[in-house]
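Because the structure is a prediction, the values reported are computed rather than measured. Counting starts at 1 for both ligands and their atoms, following the listed order.
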Amino acid sequence: MLGAAALPMVRAANAQERPRNIVVSSANGVAACAKAMEVLKAGGDTLDAVVAGVNIVELDPNDTSVGYGGLPNEDGVVELDASCMHGPTRRGGAVGAIRGIKTPSKIAQLVMAETDHMMLVGEGALRFAKAYGFPEEDLLTDKSRLAWRMWKREMRDRTGHSNWESGIDGPPKAPKMAELKKAFPGFDEETLAWAYEVATNPPHGTINCMALNEKGEMSAVTTTSGLAWKIAGRLGDSPIIGGGLWLDQDVGGAGSTGRGEENLRVCGAHTIIEKMRQGMSPREAALDALKRVSRNFDDDRKRLGELDLSFYALRKDGEYAGASLWDKRSAGAAGGAQFAVCAADGQSHRENSVYLYERK
Ligand code: GLY
């Protein structure tokens, strides 16, 4: 376990006497943090700020883990989850498995602000969004549809047979890339290699974003398309208030990205806030939650190697941390353990997370 070994990589504490504007998010949120900071600087509400930030990622067809262009369920249908919490009013809202709406974070905010419910799912969530004028749209892009078809093609029985490619009557197979180029004409090699990777190692991205303003107010949001190729109706941790997101105005906020099922088994975001309430730093609290995940696997690194999970924590005094189970993401996924930060005086940028284990 690398808790101590990882210390030199830890971003020095950012504790401060007076609150200042600061936004923290998962690594895919550099633009989101910058946008949220813009809203904070203009005097906007902290929840409006983080929702405006993550909307950029939700609407980005190239982020295949969130919103429009997110990888679909096993039926080829994109189902999105989101939750939000508003520190000053101590309220929250969430939507789960909502289809056809590009910005589920906005719907979660509406559930919070305009209803006396906290969570809407599926068909009801879509009807609610449409009642507020949101158009129902096709959330699949050419790229995410390609990845879904690739996944179906790569699903095989024990003899290696797949219904989604020509059978024994077909010509002998070409080398893999040539075969894929023939099966999916019109896509370049890089896109095909990406689609093959996500088809065979289903990812779960997500963005979590949290803000603190100069008045000491805080809010947080998490939004995702969830686990690729999931069973229709599957919810991960992102829409579960207390799991993929928690914020207590007296303490701070926390959120997660990665394998939602494993986060739910430790109720990660709530656990982190309670640990911070008891005096742990954001870094210590997030690592402690990851140790609980590890404990659920008897600290067996081989089995833990199958999953990625990251936490982000922002304390009310402005100290923050990102913490990941592993220093690098699992097979094929690019990048190490990082998160994004934007402070009022600087550019939005990525920083290294602390981590529990090193992949060999
Ligand atoms: N953390 C996102 C998910 O598991 O759905």
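Within the structure, ring pair (Phe, Tyr, Trp, His ring centres under 6.0 Å) contacts touching residues 253-309 (residues at least two apart or in different chains) are W246-H270.
Checked against a 3.5 angstrom limit, the closest N/O atoms of T224 and ligand 1 fall outside it. Not one N or O of G226 is nearer than 3.5 Å to an N or O of ligand 1, by distance alone. Remark: ligand 1 and G258 share an N or O pair separated by less than 3.5 Å (distance only, no angle test).
Annotation: salt bridge (charged side-chain N to carboxylate O under 4.0 Å, His left out) contacts of D300 (sequence neighbours excluded): R303.
Contact between K230 and ligand 1 is absent, with no heavy atom of the residue lying under 4.0 Å from the ligand. For G244, the closest heavy-atom approach to ligand 1 does not fall below 4.0 Å.
Below 30°, between 30° and 60°, or above 60°: for F339 and Y320 the angle between ring planes is above 60°, a perpendicular geometry.
Annotation: atom 5 (O) of ligand 1 to nearest protein heavy atom, R234 NH1, 2.6 Å. Of all protein heavy atoms, the one closest to atom 2 (C) of ligand 1 is T206 OG1, 3.1 Å.
Every atom of ligand 1 is numbered from 1 in the order shown, and the set under 4.0 Å from a heavy atom of S238 is 1 (N), 2 (C).
The residue from I272, L287, D288 that alone fulfils the side-chain contact (heavy atoms from CB on, under 4.5 Å) condition with M280 is D288.
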